[in-house]
Amino acid sequence: MAMKRSFRTLFQLLTLVAVVLFLAVSLGHSQYGSGLLPVNPVDSRDAKSPAEEAQYAYSTRFPLLKESNETLAATAPSYLHAIMDPEDKTYPRLECPFPNPDRYASLKGPSRSKLPRYFFALDLHQCVGLLPRLIGSIVEAIKFLGPENCVLSIVEGRSDDGTFEVLKELRTEIQILGSRYILQTSDINPKIEGTDRIIALAELRNLAVNDLIQYPDNYDPKTTVVFSNDIAVCLEDILELVYQRVFQKADMTCAMDWTYVGDNPTFYDIWIARDMHGDSFFDIPESGSWDLAWNLFPNDDEAKWHLMKSEPFQVFSCWNGITAFTAKPLMEGKIKFRGHYEGECFQGEPKLFAKDMWYHGYGKIAVVPSVNVEYNNEAGKRIKTLKGYTSANVGEDLKIKWETEPPKLVKCMAHGYVDQQFLPWDEGLPG
Ligand SMILES: *[C@@H]1O[C@H](CO)[C@@H](O)[C@H](O)[C@H]1NC(C)=O
(Lines give C-alpha, C1' and ligand atoms only; values in the text may rest on other atoms or scores of the structure.)
Protein backbone atom coordinates (compact mmCIF):
# COMPACT_ATOMS: atom_id res chain seq x y z
CA MET A 1 0.00 0.00 0.00
CA ALA A 2 2.70 2.52 1.09
CA MET A 3 4.81 1.27 -1.79
CA LYS A 4 2.00 1.93 -4.26
CA ARG A 5 1.44 5.50 -2.99
CA SER A 6 5.09 6.48 -3.31
CA PHE A 7 5.12 5.08 -6.83
CA ARG A 8 2.15 7.24 -7.69
CA THR A 9 3.85 10.33 -6.16
CA LEU A 10 7.02 9.62 -8.11
CA PHE A 11 4.99 9.26 -11.27
CA GLN A 12 3.21 12.58 -10.63
CA LEU A 13 6.51 14.25 -9.90
CA LEU A 14 8.04 13.01 -13.14
CA THR A 15 5.01 14.15 -15.12
CA LEU A 16 5.27 17.58 -13.53
CA VAL A 17 8.99 17.86 -14.36
CA ALA A 18 8.28 16.83 -17.95
CA VAL A 19 5.52 19.43 -18.32
CA VAL A 20 7.67 22.20 -16.80
CA LEU A 21 10.59 21.34 -19.09
CA PHE A 22 8.34 21.28 -22.13
CA LEU A 23 6.84 24.67 -21.24
CA ALA A 24 10.25 26.21 -20.55
CA VAL A 25 11.58 25.10 -23.92
CA SER A 26 8.56 26.19 -25.95
CA LEU A 27 8.13 29.55 -24.16
CA GLY A 28 11.83 30.26 -24.44
CA HIS A 29 11.52 29.85 -28.17
CA SER A 30 8.33 31.71 -28.85
CA GLN A 31 9.76 34.77 -27.07
CA TYR A 32 12.06 35.22 -30.04
CA GLY A 33 9.51 34.27 -32.61
CA SER A 34 11.58 31.29 -33.66
CA GLY A 35 8.86 28.76 -32.95
CA LEU A 36 8.42 28.50 -36.70
CA LEU A 37 11.94 27.37 -37.24
CA PRO A 38 13.41 23.89 -37.14
CA VAL A 39 15.63 24.39 -34.12
CA ASN A 40 16.71 21.30 -32.23
CA PRO A 41 16.90 22.29 -28.57
CA VAL A 42 18.69 19.15 -27.38
CA ASP A 43 21.69 19.29 -29.68
CA SER A 44 24.22 20.76 -27.28
CA ARG A 45 26.92 21.19 -29.96
CA ASP A 46 24.52 23.68 -31.49
CA ALA A 47 23.55 25.36 -28.22
CA LYS A 48 22.88 29.05 -28.84
CA SER A 49 22.39 31.92 -26.46
CA PRO A 50 18.98 33.62 -26.73
CA ALA A 51 20.61 36.47 -28.71
CA GLU A 52 22.25 34.01 -31.13
CA GLU A 53 18.98 32.15 -31.40
CA ALA A 54 17.18 35.34 -32.34
CA GLN A 55 19.87 36.27 -34.85
CA TYR A 56 19.64 32.81 -36.38
CA ALA A 57 15.89 33.24 -36.69
CA TYR A 58 16.36 36.57 -38.43
CA SER A 59 18.89 35.35 -40.96
CA THR A 60 16.60 32.43 -41.80
CA ARG A 61 13.56 34.65 -42.06
CA PHE A 62 15.32 37.05 -44.41
CA PRO A 63 17.50 35.00 -46.74
CA LEU A 64 19.77 37.05 -48.99
CA LEU A 65 18.71 36.77 -52.57
CA LYS A 66 22.07 37.39 -54.16
CA GLU A 67 25.72 36.46 -53.94
CA SER A 68 28.74 38.63 -53.31
CA ASN A 69 30.94 39.76 -56.17
CA GLU A 70 34.37 38.44 -55.22
CA THR A 71 36.27 41.46 -56.50
CA LEU A 72 34.11 43.78 -54.43
CA ALA A 73 34.11 41.46 -51.42
CA ALA A 74 37.90 41.74 -51.35
CA THR A 75 37.62 45.44 -50.45
CA ALA A 76 34.97 44.86 -47.78
CA PRO A 77 37.35 44.26 -44.83
CA SER A 78 38.89 47.74 -45.07
CA TYR A 79 35.42 49.29 -45.11
CA LEU A 80 34.36 47.15 -42.16
CA HIS A 81 37.37 48.28 -40.21
CA ALA A 82 36.52 51.90 -41.01
CA ILE A 83 32.89 51.37 -39.94
CA MET A 84 33.75 49.72 -36.65
CA ASP A 85 36.61 52.05 -35.68
CA PRO A 86 35.71 55.78 -35.55
CA GLU A 87 39.46 56.62 -35.57
CA ASP A 88 40.12 54.75 -38.83
CA LYS A 89 41.30 57.20 -41.50
CA THR A 90 41.38 54.87 -44.55
CA TYR A 91 38.43 56.61 -46.18
CA PRO A 92 37.73 60.33 -46.05
CA ARG A 93 34.72 61.13 -43.92
CA LEU A 94 32.99 63.99 -42.21
CA GLU A 95 34.71 64.42 -38.86
CA CYS A 96 32.39 64.42 -35.88
CA PRO A 97 32.84 65.53 -32.28
CA PHE A 98 32.07 63.05 -29.51
CA PRO A 99 28.79 64.09 -27.86
CA ASN A 100 28.36 65.13 -24.27
CA PRO A 101 27.63 61.76 -22.62
CA ASP A 102 25.70 63.37 -19.71
CA ARG A 103 23.14 64.94 -22.03
CA TYR A 104 22.26 61.54 -23.48
CA ALA A 105 22.82 59.28 -20.45
CA SER A 106 19.09 58.80 -19.90
CA LEU A 107 18.78 57.12 -23.31
CA LYS A 108 21.09 54.26 -22.34
CA GLY A 109 20.27 50.97 -20.76
CA PRO A 110 17.64 48.28 -21.13
CA SER A 111 13.92 48.88 -21.35
CA ARG A 112 11.62 47.61 -18.61
CA SER A 113 10.63 44.75 -20.89
CA LYS A 114 14.33 43.96 -21.55
CA LEU A 115 13.38 43.85 -25.24
CA PRO A 116 15.10 46.04 -27.86
CA ARG A 117 13.80 49.60 -27.93
CA TYR A 118 15.85 51.23 -30.69
CA PHE A 119 15.25 50.16 -34.26
CA PHE A 120 17.66 51.56 -36.86
CA ALA A 121 16.21 51.33 -40.37
CA LEU A 122 17.86 52.17 -43.68
CA ASP A 123 17.29 51.63 -47.39
CA LEU A 124 20.65 51.83 -49.12
CA HIS A 125 21.70 51.83 -52.76
CA GLN A 126 25.14 52.43 -54.26
CA CYS A 127 26.72 54.40 -51.41
CA VAL A 128 29.78 52.45 -50.29
CA GLY A 129 31.80 55.66 -49.83
CA LEU A 130 29.32 56.89 -47.27
CA LEU A 131 29.19 53.70 -45.20
CA PRO A 132 32.17 54.44 -42.90
CA ARG A 133 30.48 57.70 -41.82
CA LEU A 134 26.82 56.67 -41.94
CA ILE A 135 26.98 53.12 -40.58
CA GLY A 136 29.99 54.11 -38.44
CA SER A 137 27.83 56.66 -36.59
CA ILE A 138 25.00 54.16 -36.22
CA VAL A 139 27.44 51.62 -34.75
CA GLU A 140 28.64 54.30 -32.32
CA ALA A 141 25.01 54.96 -31.39
CA ILE A 142 24.41 51.23 -30.87
CA LYS A 143 27.45 51.02 -28.59
CA PHE A 144 26.34 54.10 -26.67
CA LEU A 145 22.70 53.04 -26.25
CA GLY A 146 23.60 49.43 -25.45
CA PRO A 147 23.79 46.81 -28.23
CA GLU A 148 21.19 44.55 -26.61
CA ASN A 149 18.69 47.42 -26.82
CA CYS A 150 19.22 47.94 -30.53
CA VAL A 151 18.28 46.28 -33.80
CA LEU A 152 19.84 47.31 -37.10
CA SER A 153 17.72 46.67 -40.18
CA ILE A 154 19.03 47.45 -43.66
CA VAL A 155 17.50 46.93 -47.09
CA GLU A 156 20.10 46.97 -49.84
CA GLY A 157 19.08 47.26 -53.46
CA ARG A 158 20.82 46.90 -56.81
CA SER A 159 24.26 48.20 -55.79
CA ASP A 160 27.30 47.17 -57.80
CA ASP A 161 29.84 49.33 -55.95
CA GLY A 162 30.42 47.04 -52.96
CA THR A 163 27.61 48.40 -50.75
CA PHE A 164 26.02 44.94 -50.61
CA GLU A 165 29.29 43.11 -49.94
CA VAL A 166 30.18 45.43 -47.05
CA LEU A 167 26.69 45.19 -45.53
CA LYS A 168 26.78 41.42 -45.83
CA GLU A 169 30.09 41.17 -44.00
CA LEU A 170 28.81 43.62 -41.40
CA ARG A 171 26.54 40.92 -39.99
CA THR A 172 29.35 39.24 -38.06
CA GLU A 173 30.54 42.54 -36.58
CA ILE A 174 27.07 43.53 -35.38
CA GLN A 175 26.49 40.06 -33.95
CA ILE A 176 29.75 40.26 -32.02
CA LEU A 177 28.61 43.62 -30.64
CA GLY A 178 25.46 41.89 -29.42
CA SER A 179 22.74 43.48 -31.56
CA ARG A 180 20.33 41.88 -33.96
CA TYR A 181 21.11 42.56 -37.59
CA ILE A 182 18.54 42.24 -40.34
CA LEU A 183 19.84 42.56 -43.89
CA GLN A 184 17.52 42.19 -46.85
CA THR A 185 18.10 42.74 -50.53
CA SER A 186 15.50 44.02 -52.96
CA ASP A 187 15.32 44.50 -56.71
CA ILE A 188 12.63 47.15 -56.43
CA ASN A 189 13.75 50.06 -58.59
CA PRO A 190 11.79 53.28 -58.00
CA LYS A 191 13.33 54.85 -61.12
CA ILE A 192 12.31 52.23 -63.65
CA GLU A 193 9.80 53.39 -66.21
CA GLY A 194 6.23 52.31 -65.62
CA THR A 195 6.80 52.02 -61.86
CA ASP A 196 4.92 54.25 -59.44
CA ARG A 197 8.00 55.74 -57.78
CA ILE A 198 6.21 56.45 -54.51
CA ILE A 199 4.73 52.97 -54.17
CA ALA A 200 8.19 51.51 -54.85
CA LEU A 201 9.78 53.73 -52.20
CA ALA A 202 6.99 52.90 -49.74
CA GLU A 203 7.57 49.18 -50.30
CA LEU A 204 11.28 49.60 -49.64
CA ARG A 205 10.60 51.51 -46.43
CA ASN A 206 8.07 48.89 -45.31
CA LEU A 207 10.64 46.16 -45.90
CA ALA A 208 13.06 47.96 -43.61
CA VAL A 209 10.50 48.09 -40.76
CA ASN A 210 8.91 44.74 -41.63
CA ASP A 211 10.15 42.97 -38.52
CA LEU A 212 8.46 45.52 -36.27
CA ILE A 213 5.19 45.06 -38.12
CA GLN A 214 5.38 41.25 -38.26
CA TYR A 215 6.80 40.54 -34.81
CA PRO A 216 5.82 43.41 -32.49
CA ASP A 217 6.14 41.11 -29.46
CA ASN A 218 9.90 41.04 -30.00
CA TYR A 219 10.14 44.75 -29.24
CA ASP A 220 9.59 47.04 -26.30
CA PRO A 221 6.20 48.78 -26.58
CA LYS A 222 7.98 52.15 -26.49
CA THR A 223 10.36 51.38 -29.33
CA THR A 224 11.83 54.29 -31.30
CA VAL A 225 12.56 53.88 -35.01
CA VAL A 226 15.55 55.84 -36.30
CA PHE A 227 15.12 55.90 -40.07
CA SER A 228 18.00 57.40 -42.03
CA ASN A 229 18.56 58.24 -45.67
CA ASP A 230 22.02 58.01 -47.23
CA ILE A 231 23.39 61.04 -45.40
CA ALA A 232 26.62 62.09 -43.71
CA VAL A 233 25.53 61.95 -40.09
CA CYS A 234 27.27 62.18 -36.72
CA LEU A 235 26.60 60.19 -33.57
CA GLU A 236 25.46 63.38 -31.83
CA ASP A 237 22.89 64.02 -34.59
CA ILE A 238 21.30 60.63 -33.98
CA LEU A 239 21.33 60.98 -30.20
CA GLU A 240 19.88 64.50 -30.30
CA LEU A 241 16.91 63.38 -32.43
CA VAL A 242 16.21 60.52 -30.03
CA TYR A 243 16.74 62.78 -27.01
CA GLN A 244 14.31 65.41 -28.29
CA ARG A 245 11.75 62.74 -29.05
CA VAL A 246 11.86 61.71 -25.40
CA PHE A 247 12.27 65.19 -23.89
CA GLN A 248 9.49 66.73 -25.98
CA LYS A 249 7.32 63.60 -25.75
CA ALA A 250 7.28 63.88 -29.54
CA ASP A 251 5.89 61.20 -31.82
CA MET A 252 8.43 62.09 -34.48
CA THR A 253 11.52 64.29 -34.71
CA CYS A 254 13.38 65.24 -37.89
CA ALA A 255 16.65 66.92 -38.76
CA MET A 256 17.05 69.67 -41.35
CA ASP A 257 18.56 68.34 -44.58
CA TRP A 258 20.35 70.48 -47.12
CA THR A 259 21.68 70.32 -50.63
CA TYR A 260 24.36 72.42 -52.30
CA VAL A 261 22.91 73.18 -55.72
CA GLY A 262 25.23 76.17 -56.06
CA ASP A 263 27.43 77.89 -53.51
CA ASN A 264 24.63 78.27 -51.02
CA PRO A 265 22.81 75.37 -49.42
CA THR A 266 19.08 74.98 -49.83
CA PHE A 267 16.68 73.04 -47.67
CA TYR A 268 16.22 69.75 -49.49
CA ASP A 269 13.03 67.92 -48.45
CA ILE A 270 10.74 70.62 -49.82
CA TRP A 271 8.30 68.20 -51.45
CA ILE A 272 7.61 66.40 -48.16
CA ALA A 273 7.88 68.92 -45.35
CA ARG A 274 4.96 71.18 -44.37
CA ASP A 275 4.76 73.67 -41.52
CA MET A 276 1.84 74.16 -39.13
CA HIS A 277 0.17 76.41 -41.71
CA GLY A 278 0.23 73.48 -44.11
CA ASP A 279 2.74 75.38 -46.24
CA SER A 280 6.03 74.23 -47.75
CA PHE A 281 9.17 75.37 -45.88
CA PHE A 282 9.86 77.88 -48.66
CA ASP A 283 7.91 79.15 -51.65
CA ILE A 284 8.43 77.62 -55.04
CA PRO A 285 6.73 79.57 -57.83
CA GLU A 286 5.08 77.63 -60.62
CA SER A 287 8.24 78.08 -62.71
CA GLY A 288 9.86 75.60 -60.31
CA SER A 289 12.61 78.06 -59.40
CA TRP A 290 14.30 77.60 -56.01
CA ASP A 291 15.31 81.28 -55.92
CA LEU A 292 13.22 81.88 -52.82
CA ALA A 293 14.84 79.03 -50.89
CA TRP A 294 16.84 81.48 -48.77
CA ASN A 295 13.58 82.63 -47.16
CA LEU A 296 12.49 79.75 -44.96
CA PHE A 297 9.02 79.82 -43.42
CA PRO A 298 7.96 83.05 -45.15
CA ASN A 299 4.46 82.80 -43.63
CA ASP A 300 5.23 81.14 -40.30
CA ASP A 301 6.90 83.61 -37.95
CA GLU A 302 6.94 81.18 -35.07
CA ALA A 303 8.79 78.51 -37.04
CA LYS A 304 11.15 81.20 -38.40
CA TRP A 305 11.93 82.35 -34.86
CA HIS A 306 12.58 78.85 -33.52
CA LEU A 307 14.71 78.01 -36.53
CA MET A 308 16.85 81.08 -35.94
CA LYS A 309 17.31 80.06 -32.31
CA SER A 310 17.91 76.37 -33.15
CA GLU A 311 14.93 75.33 -31.04
CA PRO A 312 12.66 72.41 -31.94
CA PHE A 313 9.26 73.37 -33.37
CA GLN A 314 6.15 71.54 -34.46
CA VAL A 315 5.38 70.88 -38.13
CA PHE A 316 2.70 69.01 -40.04
CA SER A 317 5.16 66.75 -41.83
CA CYS A 318 8.88 66.18 -42.18
CA TRP A 319 11.51 63.56 -42.95
CA ASN A 320 14.53 65.68 -43.77
CA GLY A 321 17.20 63.02 -44.23
CA ILE A 322 16.84 61.38 -40.82
CA THR A 323 14.01 60.99 -38.36
CA ALA A 324 13.25 59.32 -35.04
CA PHE A 325 9.65 58.24 -34.48
CA THR A 326 7.48 56.06 -32.30
CA ALA A 327 7.12 52.51 -33.57
CA LYS A 328 3.74 52.14 -31.90
CA PRO A 329 1.39 52.71 -34.87
CA LEU A 330 3.54 50.35 -36.97
CA MET A 331 3.60 47.68 -34.26
CA GLU A 332 -0.17 48.02 -33.80
CA GLY A 333 -0.66 47.58 -37.53
CA LYS A 334 -2.35 50.97 -37.84
CA ILE A 335 -0.10 52.51 -40.45
CA LYS A 336 2.45 51.59 -43.08
CA PHE A 337 4.29 53.50 -45.75
CA ARG A 338 2.03 53.83 -48.78
CA GLY A 339 1.32 55.61 -52.02
CA HIS A 340 -1.61 58.00 -52.42
CA TYR A 341 -5.15 56.65 -52.43
CA GLU A 342 -7.29 57.11 -55.49
CA GLY A 343 -8.40 60.72 -55.64
CA GLU A 344 -5.90 61.76 -52.95
CA CYS A 345 -3.17 64.29 -53.79
CA PHE A 346 -0.14 62.59 -55.35
CA GLN A 347 2.58 63.00 -52.73
CA GLY A 348 5.64 61.36 -51.22
CA GLU A 349 5.39 58.41 -48.82
CA PRO A 350 6.92 60.32 -45.87
CA LYS A 351 4.26 63.04 -46.20
CA LEU A 352 1.52 60.39 -46.30
CA PHE A 353 3.17 58.76 -43.29
CA ALA A 354 2.93 62.04 -41.32
CA LYS A 355 -0.66 62.51 -42.47
CA ASP A 356 -1.58 59.01 -41.24
CA MET A 357 0.26 59.71 -37.98
CA TRP A 358 -1.93 62.78 -37.40
CA TYR A 359 -5.02 60.77 -38.32
CA HIS A 360 -4.21 58.18 -35.64
CA GLY A 361 -3.43 60.79 -33.00
CA TYR A 362 0.36 60.95 -33.40
CA GLY A 363 0.62 64.60 -34.41
CA LYS A 364 3.50 65.63 -32.16
CA ILE A 365 5.89 65.97 -35.08
CA ALA A 366 8.84 68.33 -34.77
CA VAL A 367 11.87 69.60 -36.61
CA VAL A 368 15.05 69.73 -34.53
CA PRO A 369 16.99 72.48 -36.30
CA SER A 370 20.17 72.00 -34.28
CA VAL A 371 20.73 68.88 -36.43
CA ASN A 372 21.80 69.69 -40.00
CA VAL A 373 22.79 67.05 -42.53
CA GLU A 374 23.86 66.76 -46.17
CA TYR A 375 24.12 63.78 -48.48
CA ASN A 376 27.87 63.35 -48.76
CA ASN A 377 30.95 63.74 -46.56
CA GLU A 378 32.32 66.86 -48.19
CA ALA A 379 29.06 68.81 -48.29
CA GLY A 380 28.28 67.46 -44.82
CA LYS A 381 31.38 69.22 -43.56
CA ARG A 382 30.36 72.42 -45.35
CA ILE A 383 26.88 72.43 -43.85
CA LYS A 384 28.18 71.65 -40.34
CA THR A 385 30.68 74.50 -40.67
CA LEU A 386 27.95 76.87 -41.82
CA LYS A 387 25.08 75.84 -39.52
CA GLY A 388 27.14 74.50 -36.64
CA TYR A 389 27.58 71.00 -35.28
CA THR A 390 24.67 69.80 -33.18
CA SER A 391 26.55 70.08 -29.86
CA ALA A 392 27.41 73.70 -30.65
CA ASN A 393 23.78 74.49 -31.51
CA VAL A 394 21.95 73.06 -28.52
CA GLY A 395 21.20 75.57 -25.83
CA GLU A 396 18.65 75.61 -23.07
CA ASP A 397 16.01 72.95 -23.70
CA LEU A 398 12.60 74.53 -24.17
CA LYS A 399 9.42 72.49 -24.34
CA ILE A 400 7.37 72.72 -27.50
CA LYS A 401 3.81 73.96 -26.96
CA TRP A 402 2.09 71.27 -28.96
CA GLU A 403 -0.92 72.06 -31.12
CA THR A 404 -3.42 69.22 -30.96
CA GLU A 405 -5.10 70.09 -34.26
CA PRO A 406 -3.36 69.85 -37.63
CA PRO A 407 -3.56 72.76 -40.07
CA LYS A 408 -6.95 72.74 -41.80
CA LEU A 409 -5.40 72.94 -45.26
CA VAL A 410 -2.10 71.49 -46.48
CA LYS A 411 -0.27 72.34 -49.69
CA CYS A 412 -0.38 69.70 -52.40
CA MET A 413 2.33 69.77 -55.07
CA ALA A 414 1.20 66.88 -57.20
CA HIS A 415 2.51 67.81 -60.62
CA GLY A 416 5.95 69.23 -60.14
CA TYR A 417 5.36 72.77 -58.98
CA VAL A 418 2.44 73.77 -61.18
CA ASP A 419 -1.12 73.67 -59.88
CA GLN A 420 -0.09 73.89 -56.24
CA GLN A 421 -3.19 73.87 -54.14
CA PHE A 422 -4.19 73.83 -50.50
CA LEU A 423 -6.40 70.83 -49.73
CA PRO A 424 -8.02 69.65 -46.48
CA TRP A 425 -5.27 67.96 -44.44
CA ASP A 426 -7.22 64.68 -44.28
CA GLU A 427 -8.49 64.61 -47.88
CA GLY A 428 -8.75 61.03 -49.09
CA LEU A 429 -8.83 59.51 -45.60
CA PRO A 430 -11.91 57.74 -44.25
CA GLY A 431 -14.13 60.35 -42.50
C1 LIG B 1 32.50 42.25 -59.97
O2 LIG B 1 32.84 43.62 -59.77
C3 LIG B 1 33.85 44.10 -60.61
C4 LIG B 1 34.24 45.51 -60.14
O5 LIG B 1 33.12 46.36 -60.12
C6 LIG B 1 33.36 44.06 -62.04
O7 LIG B 1 34.36 44.54 -62.93
C8 LIG B 1 32.98 42.63 -62.39
O9 LIG B 1 32.41 42.57 -63.68
C10 LIG B 1 31.99 42.04 -61.38
N11 LIG B 1 31.84 40.62 -61.60
C12 LIG B 1 30.65 40.06 -61.80
C13 LIG B 1 30.67 38.57 -61.98
O14 LIG B 1 29.61 40.67 -61.80
Side-chain angles (χ1 to χ4, degrees), residues 82-89 92-111 116-122 130-152 174 177-179 223-229 231-250 252-258 306 309-312 320-325 366-375 377 379-400:
I83 289 170
M84 300 310 290
D85 178 7
E87 304 300 323
D88 186 299
K89 300 260 189 289
R93 61 173 131 181
L94 164 70
E95 279 180 44
C96 295
F98 193 80
N100 171 4
D102 295 339
R103 178 170 179 81
Y104 304 114
S106 62
L107 307 177
K108 291 183 180 191
S111 58
R117 59 168 168 151
Y118 297 109
F119 189 96
F120 292 90
L122 303 101
L130 201 56
L131 296 181
R133 177 69 288 150
L134 171 59
I135 305 296
S137 291
I138 289 173
V139 165
E140 285 182 84
I142 288 174
K143 286 182 187 164
F144 184 91
L145 297 167
E148 65 284 7
N149 310 317
C150 300
V151 171
L152 174 55
I174 300 297
L177 263 187
S179 297
T223 293
T224 297
V225 178
V226 176
F227 210 130
S228 181
N229 289 1
I231 51 166
V233 70
C234 292
L235 167 61
E236 59 172 9
D237 302 335
I238 297 170
L239 294 181
E240 183 65 19
L241 290 175
V242 176
Y243 172 82
Q244 290 293 346
R245 173 164 130 66
V246 176
F247 176 76
Q248 305 286 358
K249 298 190 168 63
M252 182 170 190
T253 52
C254 307
M256 284 291 279
D257 66 340
W258 302 87
H306 289 304
K309 302 193 63 176
S310 281
E311 295 163 1
N320 302 2
I322 180 166
T323 166
F325 56 86
V367 162
V368 180
S370 54
V371 181
N372 294 278
V373 295
E374 225 280 3
Y375 286 74
N377 282 298
K381 185 177 177 190
R382 276 177 89 186
I383 201 70
K384 296 276 189 201
T385 307
L386 184 70
K387 304 278 178 192
Y389 281 80
T390 297
S391 44
N393 290 339
V394 294
E396 190 192 348
D397 284 323
L398 296 176
K399 296 257 190 209
I400 295 172

Please report the shortest heavy-atom distance between [X] and [Y], naming the atom on each side.
X      : Y      : value
Pro92  : Asn377 : O-ND2, 3.6 Å
Pro99  : Leu239 : CG-CD1, 3.9 Å
Cys96  : Tyr389 : CA-CE2, 4.3 Å
Ala324 : Arg245 : O-CD, 3.8 Å

Side-chain contact, heavy-atom cut-off 4.5 Å: [X] with [Y]?
X      : Y      : value
Thr253 : Thr323 : no
Glu311 : Val368 : no
Asn229 : Ile322 : no
Leu152 : Ile142 : yes
Leu235 : Phe98  : yes
Ile238 : Val371 : no

Spell out, as yes or no, whether a donor-acceptor pair under 3.5 Å connects the side chain of [X] to the backbone of [Y].
X      : Y      : answer
Tyr118 : Leu107 : yes
Asn393 : Ser310 : no
Asp85  : Ala82  : no
Lys108 : Phe144 : no
Asn149 : Leu145 : yes

Exercise. Quick one: do Glu374 and Lys381 make a salt bridge, cutoff under 4.0 Å?
Worked result: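 A salt bridge is absent here (no side-chain N lies under 4.0 Å from a carboxylate O).
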
For this session: Please step through side-chain contact (heavy atoms from CB on, under 4.5 Å) for the pair Gln244 and Asp397, ending with a clear verdict.
Result: CA-CA 9 Å; Gln244 290 293 346; Asp397 284 323; 3.5 Å; yes

Exercise. Under 3.5 Å, is there a donor-acceptor pair linking the side chains of Glu236 and Tyr104?
Worked result: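 There is no such pair (donor and acceptor under 3.5 Å, judged by atom type) between the side chains of Glu236 and Tyr104.
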
Problem set entry | Asp257 and Tyr375 side chains, donor-acceptor separation under 3.5 Å |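 Yes, a side-chain donor-acceptor pair sits under 3.5 Å.
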
For this session: Applying side-chain contact (heavy atoms from CB on, under 4.5 Å), run through Lys384 and Leu94 and close with a yes or a no.
Result: CA-CA 9 Å; Lys384 296 276 189 201; Leu94 164 70; 4.1 Å; yes

For this session: Apply side-chain contact (heavy atoms from CB on, under 4.5 Å) to the pair Val394 and Arg103, showing each step before the final yes or no.
Result: CA-CA 10 Å; Val394 294; Arg103 178 170 179 81; 3.9 Å; yes

Exercise. Could you walk me through whether Thr224 and Arg117 pass the side chain to side chain donor-acceptor pair (under 3.5 Å) check?
Worked result: CA-CA 6 Å; Thr224 297; Arg117 59 168 168 151; over 6 Å; no

For this session: Using ring-ring contact (aromatic ring centres under 6.0 Å, His included) as the criterion, list what pairs up with Phe119, not counting sequence neighbours.
Result: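 ring-ring contact (aromatic ring centres under 6.0 Å, His included) check on Phe119 returns Tyr219.
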
For this session: Apply ring-ring contact (aromatic ring centres under 6.0 Å, His included) to Phe247 and list each qualifying residue two or more places apart in sequence or on a separate chain.
Result: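 Result, ring-ring contact (aromatic ring centres under 6.0 Å, His included) vs Phe247: Tyr243.
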
Exercise. Under the salt bridge (Lys or Arg N to Asp or Glu O under 4.0 Å) rule, what pairs show up with a residue in residues 131-149, not counting sequence neighbours?
Worked result: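 The answer is Arg133-Glu140.
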
For this session: Kindly assign one of parallel, tilted or perpendicular to the pair Phe227 and Phe325, based on the angle between their ring planes and the thresholds 30° and 60°.
Result: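 Parallel, since the angle between the ring planes stays under 30°.
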
